[in-house]
Amino acid sequence: PAYYLPNPIDLSACPPYGQKRSGAVWIGKMDSNKNPLALLRCAQKIPELKITMVSNPADAGLGQEVLKSLPSNVKWIQSLSHSETLALMASAEVHLSTSLQEGFPNTFLEAAAVKTPTVSLHVDPDNLMQQGLFGFCTGGNENLFGERVLQAMDRNAEVMQMLETTWSYVQENHAYERVKERWGGIVQSVMQT
């Protein structure tokens, strides 16, 4: 038999989500799959939005290209601790993802845990964004990306309801304790066969 365990997230490590938020956050390795150059193009289309990019310079050549092209509204931080990253996520109005492909990104779960909507350029994990969870995916459309960022930041009733529903989904399906229980059940099942 095949077994599936969702990515776990330690919700106790997530800071409380506050009302005072500003700007956007993008978190990922500096590599071509994370697509940081697309972030820079999108940032130029929303010059009023301050974006913090957290990225280790894994690909030195790409890092130099990003540094040369960095718009004035993007601040690049090369290293933060996990707790600092979570605090940054909790203080952002929106989490941005420009990755070309992903499994189920931990940053989506971390954003959801602190009620920060995600706007994704390409990736819609398990088509959950189409189902009204996590935020918005633009299917690679960079012009629509900017519109969805502004929509997410508006925090109208629809967005607030999506954040509440997503938070409940993450608690039910990805909370570390729940995933640990499921793992225990799988181990018992395998031991009995």
Side-chain angles (χ1 to χ4, degrees), residues 15 17-57 59 62-80 84-102 105-125 128-130 132-164 166-167:
Y17 37 88
Q19 298 303 311
K20 187 165 174 54
R21 295 171 177 262
S22 65
V25 62
W26 181 98
I27 300 167
K29 274 191 236 171
M30 184 61 63
D31 67 29
S32 58
N33 180 58
K34 298 294 183 183
N35 205 9
L37 295 175
L39 174 71
L40 303 186
R41 289 191 301 273
C42 291
Q44 290 173 336
K45 295 174 184 177
I46 320 169
E48 68 277 12
L49 178 64
K50 299 293 181 205
I51 301 170
T52 302
M53 170 190 258
V54 180
S55 182
N56 295 331
D59 178 333
L62 182 58
Q64 287 301 316
E65 191 174 347
V66 166
L67 199 54
K68 282 191 277 185
S69 308
L70 209 61
S72 61
N73 61 327
V74 177
K75 174 183 172 184
W76 182 12
I77 299 173
Q78 292 189 15
S79 179
L80 285 179
E84 290 171 321
T85 302
L86 289 174
L88 182 61
M89 187 74 82
S91 68
E93 292 177 88
V94 64
H95 163 241
L96 308 177
S97 172
T98 53
S99 294
L100 297 169
Q101 340 176 28
E102 293 277 358
N106 286 334
T107 56
F108 284 44
L109 295 172
E110 291 164 347
V114 294
K115 296 189 180 178
T116 300
T118 294
V119 177
S120 175
L121 185 58
H122 295 281
V123 174
D124 181 357
L128 291 170
M129 291 178 146
Q130 286 181 26
L133 296 173
F134 290 95
F136 307 101
C137 181
T138 67
N141 185 328
E142 292 184 9
N143 292 320
L144 185 58
F145 188 83
E147 290 177 31
R148 292 295 181 253
V149 168
L150 296 176
Q151 182 181 357
M153 290 172 57
D154 182 38
R155 295 213 171 220
N156 60 27
E158 180 185 343
V159 170
M160 295 306 288
Q161 180 59 52
M162 176 194 60
L163 293 173
E164 290 297 328
T166 302
W167 190 79

Locate the shortest heavy-atom distance separating [X] from [Y]; write the atom from each residue and the value.
X	Y	value
Ile46	Gly146	CD1-CA, 3.5 Å
Ala92	Val25	CB-CG1, 3.8 Å
Met129	Asp124	N-OD1, 2.7 Å
Ser32	Leu100	O-CD1, 3.8 Å
Trp167	Ala113	NE1-O, 3.3 Å
Leu121	Thr98	CB-CA, 3.9 Å

Can you tell me how far the [atom1] atom of [X] sits from the [atom2] atom of [Y], to the nearest 0.5 Å?
X	Y	atom1	atom2	answer
Gln161	Glu158	CD	CD	10.0 Å
Gln44	Leu39	CD	CG	10.0 Å
Asp59	Asp31	CG	CG	7.5 Å
Leu163	Leu133	CG	CG	10.5 Å
Met153	Glu93	CE	CD	3.5 Å
Glu65	Leu40	CD	CG	9.0 Å

Could you check whether the rings of Phe108 and His95 sit parallel, tilted or perpendicular, using 30° and 60° as the cut-offs?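 Correct class here is perpendicular.
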Are [X] and [Y] close enough that some pair of their side-chain heavy atoms sits under 4.5 Å apart?
X	Y	result
Phe136	Val149	no
Met53	Val66	yes
Lys115	Met162	no
Val54	Met89	no
Asn56	Ser79	yes
Glu142	Leu144	no
Ser91	Arg21	no
Leu86	Val114	no

Hey, is the main chain of [Y] close enough, under 3.5 Å, to the side chain of [X] for a donor-acceptor pair?
X	Y	value
Ser55	Gly28	yes
Asn33	Gln101	yes
Asn73	Leu49	yes
Ser120	Thr138	no

Does Lys75 have more than 12 heavy atoms from other residues, nucleotides or ligands lying within 6.0 Å of its NZ?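 Atom NZ in Lys75 is not packed in, count stays at 12 or less.
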So among Arg148, Glu147, Arg155, which one has a side-chain contact (heavy atoms from CB on, under 4.5 Å) with Gln151?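 Among Arg148, Glu147, Arg155, the one that satisfies the side-chain contact (heavy atoms from CB on, under 4.5 Å) with Gln151 is Arg148.
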